[in-house]
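Have a look at the structure below, then the notes.
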Amino acid sequence: MANDSNKFQAIISHCKEYGFIFPSSEIYDGLQAVYDYGQMGSELKKNIKDYWWKSMTQLHDNIVGIDAAIFMHPTTWKASGHVENFNDPMIDNKDSNKRYRVDHLIEGFAEELRAKGEKESNEADNLLGQMESLLAKDDFAGLKSLIETNNIKCAVSDTCNWTDIRQFNLMFSTEFGSTVSSDDEDNKVYLRPETAQGIFVNFLNVQKTGRMKIPFGIAQIGKAFRNEIVARQFIFRMREFEQMEMQFFIRPGTQKEWYEKWKTTRLEWHKSLGMPAEKYRYHDHVKLAHYADAACDIEFEFPIGFKELEGIHSRTDFDLKQHQEFSKKKQQYFDNDIDPTTGKAYGNYIPYVIETSIGLDRMFLAVMSHAYEEQDLSTAEKKDSRVVLKFPAKLSPIKLAVLPLTKKDGLPEIAEQIMADCKADFRCFYEEKDSIGKRYRRMDALGTPFCVTVDHQTKEDNTVTIRHRDSMDQERVSIEKLKNIVLNAIA
RNA sequence: GCGAAAGUAGCUCAUUUGGUAGAGCACGACCUUGCCAAGGUCGGGGUGGCCGGUUCGAGCCCGGUCUUUCGCUCCA
């Protein structure tokens with residue numbers, strides 16, 4: 001455990017030192033739980049994105065992508081349940097540090113009263129009535145004094161030593177329009193807490209304009225924002241993060257089989273990157289969210305333990321039904337296929353939905369923490385070690401480093417020529433400083449799968465040595481074969 | 001939010017009891033070497049997180065504050 005914690009720290013340091021991830025606004029002491037991707041990190045992140053996008057859209061005939069705005073009509077979040085379910089006033093007991101939802105605390109107390117007798121039962125009704133009116137007015141001071149005058153205690157500490165009541169909003173909000181006052185509720189818009197709703201509200205647009213037939217999916221990659229109470233553990237839980245989601249629309253009654261199919265498909269995707277199977281496990285949800293009839297996580301073994309990486313949810317027709325109700329626009333699909341049991345078309349229905357939702361930043365962390373390796377290369381004569389990022393080649397920020405053995409005798413010129421030949425096809429990096437060994441190690445630390453070295457023999461026979469990151473083996477190949485070797489490895 | 005620890009050069013760290021900061025790596029120049037890091041010479045770089053107090057004098061003592069890490073708490 002101590003070791004893994006050290007490893008996690010080492011990864012965080014490595015990410016910063018080699019330009020993968022910086023704390024946000026670091027010159028101002030950073031901003032809690034917000035991070036920036038640097039010159040290497042943004043490449044790796046983009047490569048993960050591309051791999052997901054391609055496997056979802058290009059390799060599935062019936063899945064298309066969209067890119068919906070982060071701002072959405074405020075009613076969206078009433079329909080989705082986010083406004084209702086995730087902005088409860090909370091209160092902490094200072095002695096036990098236990099946090100309660102204010103309504104739960106008071107309701108619990110009322111239940112106790114009710115159990116005592118008729119007189120107390122009336123008091124309870126009175127109490128709940130007061131609570132409702134205070135809640136409706138957002139009168140937190142009034143609610144606190146209600147708790148105190150009734151001497152409502154914490155079940156753990158048995159004291160009445162409470163903090164002020166605070167409102168925890170899951171969603172970030174801002175004002176729409178440049179001249180409105182900030183307390184005007186009508187102009188309040190939210191930064192989306194999930195990308196899914198952008199897909200749901202475009203369900204019919206995509207279905208009709210793309211002439212999509214059920215079953216079909218809509219994929220999207222985008223930022224989402226959540227006011228986590230505690231956001232920590234590097235990029236694992238951030239307030240601003242990026243999701244890669246796919247909503248798959250299906251005929252009602254088939255959700256079980258599609259849920260199972262996507263559960264399997266998604267795990268296969270992870271394994272297709274060469275990540276070991278034992279690093280993954282399913283975690284089935286027992287307590288389901290308000291919109292789901294089945295849900296599981298694909299967990300990955302990070303250095304901080306097994307944690308959620310991707311969620312697969314059977315969301316029923318909850319979202320589309322809600323949007324139909326709030327928008328007063330039908331969210332139905334007409335299914336022309338023949339139902340074998342009735343001999344007639346399936347007709348109109350609101351589709352059911354299977355969601356696959358993976359955190360891009362978490363995927364980044366998974367790839368990074370699996371790739372990171374500190375190796376002891378000591379021999380009897382000499383102590384030696386290296387840090388290597390064993391990324392799958394297709395995800396590596398830099399694919400090929402081109403290194404002239406010396407910076408004279410015309411070797412840099414040949415190296416520049418190789419650069420010119422390759423850089424249109426994949427990311428290359430040129431370096432002529434320092435000893436060749438040092439340059440190899442630097443490339444290892446960035447996860448570059450191939451280094452080619454131009455030496456004096458190159459001038460005679462047009463061959464170079466290509467050095468493989470993981471094995472550190474070298475082989476001599478002709479320059480003209482180089483590009484294909486790399487292209488094959490990253491295909 | 002609570003508790004604990006930490007904050008000195010880009011990085012990793014030193015500076016015994018308070019006397020105005022050093023090393024290695026990294027970086028720049030030059031020389032040397034030339035297929036797996038750490039050769040030589042020279043050089044640039046620090047208002048010691050920030051603010052205040054004690055003191056003739058503070059990186060070191062005291063108070064506050066910010067940030068980070070760990071644990072608890074919370075989490076669709």
Side-chain angles (χ1 to χ4, degrees), chain A residues 1-2 5-6 8-10 12-14 16-19 22-33 80-82 84-86 88 90-101 156-157 162-164 166 168 170-171 193-194 196 224 226-234 236-237 285 287-292 295 297 304 307-308 311 313 315 318 355 357 375 377-379 382-388 403-409 411 432-445 451-458 464-469 471-476:
Chain A
M1 188 62 193
S5 172
N6 290 346
F8 196 51
Q9 292 311 315
I12 294 169
S13 301
H14 192 86
K16 190 182 162 197
E17 193 175 348
Y18 288 91
F22 308 120
S24 160
S25 332
E26 198 187 6
I27 61 169
Y28 294 108
D29 288 329
L31 184 63
Q32 197 178 55
S80 70
H82 285 83
E84 179 86 348
N85 289 332
F86 300 107
D88 310 299
M90 311 283 269
I91 193 166
D92 292 357
N93 184 274
K94 288 180 188 169
D95 299 312
S96 63
N97 290 327
K98 186 106 178 93
R99 176 168 294 152
Y100 295 89
R101 270 174 61 168
V156 177
S157 66
W162 298 105
T163 62
D164 285 340
R166 284 163 300 187
F168 286 82
L170 172 90
M171 291 190 286
E194 62 175 21
R226 296 180 192 179
N227 252 321
E228 302 284 353
I229 294 171
V230 174
R232 268 192 212 171
Q233 287 174 314
F234 197 39
F236 185 79
R237 178 170 284 119
H285 290 200
K287 205 177 120 211
L288 295 169
H290 59 276
Y291 51 74
D297 297 332
I304 47 177
K307 301 269 185 189
E308 177 187 353
H313 291 208
R315 291 184 79 128
F318 175 86
E355 164 187 281
S357 172
Q375 294 178 339
L377 304 173
S378 297
T379 57
K382 181 172 142 200
K383 270 187 90 70
D384 196 7
S385 66
R386 70 165 181 165
V387 173
V388 55
L403 316 170
L405 189 59
T406 73
K407 52 184 158 193
K408 51 187 184 211
D409 301 334
L411 301 187
E432 59 182 30
K433 274 195 131 4
D434 294 314
S435 73
I436 193 68
K438 212 170 191 173
R439 282 180 270 169
Y440 286 156
R441 299 301 171 85
R442 259 202 297 265
M443 287 299 110
D444 289 341
C451 295
V452 301
T453 301
V454 178
D455 58 19
H456 294 92
Q457 190 185 328
T458 310
V464 291
T465 53
I466 184 161
R467 182 262 194 185
H468 299 266
R469 177 195 64 200
S471 62
M472 298 170 73
D473 288 342
Q474 299 179 123
E475 53 180 318
R476 190 124 207 133

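Residue numbers begin at 1 in each chain, while the letters A, B, ... track the order of the sequences. The figures here come from the full heavy-atom set of this structure, side chains too, leaving out hydrogens, waters and symmetry mates. Small disclaimer: the values here were computed from a predicted structure and weren't measured.
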Quiz prompt | Nearest listed nucleotide, side chain of Thr406(A), among G34(B), A37(B), C35(B) | solution = G34(B)
Exercise. Give RNA chain B the dot-bracket treatment, 5' to 3': Watson-Crick (N1-N3 with N6-O4 or O6-N4) or G-U (N1-O2, O6-N3) under 3.5 Å, [ ] crossing, | other strand.
Key: (((((((..((((.....[..)))).(((((.......))))).....(((((..]....))))))))))))....
Exercise. Give the rounded distance in Å between these two atoms: CE of Met472(A) and C1' of A37(B).
Key: 10 Å
Quiz item: How close or far is atom C1' of C30(B) from atom NZ of Lys407(A), stated in whole angstroms?
Solution: 10 Å
Exercise. Report which part of the nucleic acid Arg439(A) touches: base, sugar-phosphate, or nothing (heavy-atom distance under 4.0 Å, all strands).
Key: base
Quiz item: Which one of Leu403(A), Thr453(A), Leu405(A) satisfies the side chain to side chain contact (heavy atoms under 4.5 Å, CB included) criterion with Leu411(A)?
Solution: Leu405(A)
Quiz item: When rounded to the nearest 0.5 angstrom, what is the spacing between CZ in Arg467(A) and CD in Glu475(A)?
Solution: 13.0 Å
Quiz item: Contact class for Asp434(A) (heavy atom, under 4.0 Å): base, sugar-phosphate, or nothing?
Solution: base
Quiz item: Going from NZ on Lys307(A) to CG on Asp297(A), what distance comes out if it is rounded to the nearest 0.5 angstrom?
Solution: 12.0 Å
Quiz item: In whole angstroms, how far is the C1' atom of C74(B) from the CG atom of Asn227(A)?
Solution: 13 Å
Self-check item: Phosphate OP1/OP2 of C70(B): any Gln9(A) side-chain N/O under 4.0 Å
Solution: yes
Quiz prompt | Pair Asp434(A) + Arg441(A), salt bridge at N-O below 4.0 Å | solution = no
Self-check item: CE-OH distance between Met472(A) and Tyr440(A), expressed to the nearest 0.5 angstrom
Solution: 10.0 Å
Practice problem: Look at the side-chain N and O atoms of Lys433(A) and state whether any lies under 4.0 Å from the OP1 or OP2 oxygen of C30(B). | Solution: no
Quiz item: Between the base of C36(B) and the side chain of Arg386(A), is there a donor-acceptor distance below 3.5 Å?
Solution: no
Quiz prompt | Closest listed nucleotide, where the reference is the side chain of Asp455(A) and the choices are A38(B), C35(B), C27(B) | solution = C35(B)
Quiz item: Ignoring hydrogens and angles, are the base of C35(B) and the side chain of Arg467(A) linked by a donor-acceptor pair under 3.5 Å?
Solution: no
Self-check item: Contact under 4.0 Å: Lys438(A) side-chain N or O vs G34(B) OP1/OP2
Solution: no
Quiz item: Is it true that a side-chain atom of Arg226(A) and a backbone atom of Pro193(A) form a donor plus acceptor pair closer than 3.5 Å?
Solution: yes
Quiz item: How long is the line joining CG of Leu377(A) and P of A37(B), in whole Å?
Solution: 9 Å
Exercise. Between C11(B), C36(B), A37(B), spot the one nearest the side chain of Tyr440(A), thanks.
Key: C36(B)
Quiz item: When the P atoms of G34(B) and G39(B) are considered, how many whole Å apart are they?
Solution: 15 Å
Quiz prompt | No-H, no-angle donor-acceptor pair, Ser385(A) side chain to A37(B) base, under 3.5 Å | solution = yes
Exercise. Output the single nucleotide from A37(B), C11(B), C75(B) whose closest atom is nearest the side chain of Arg441(A).
Key: A37(B)
Exercise. Output yes when a side-chain donor or acceptor of His14(A) lies under 3.5 Å from a complementary backbone atom of Ala445(A), and no otherwise.
Key: yes
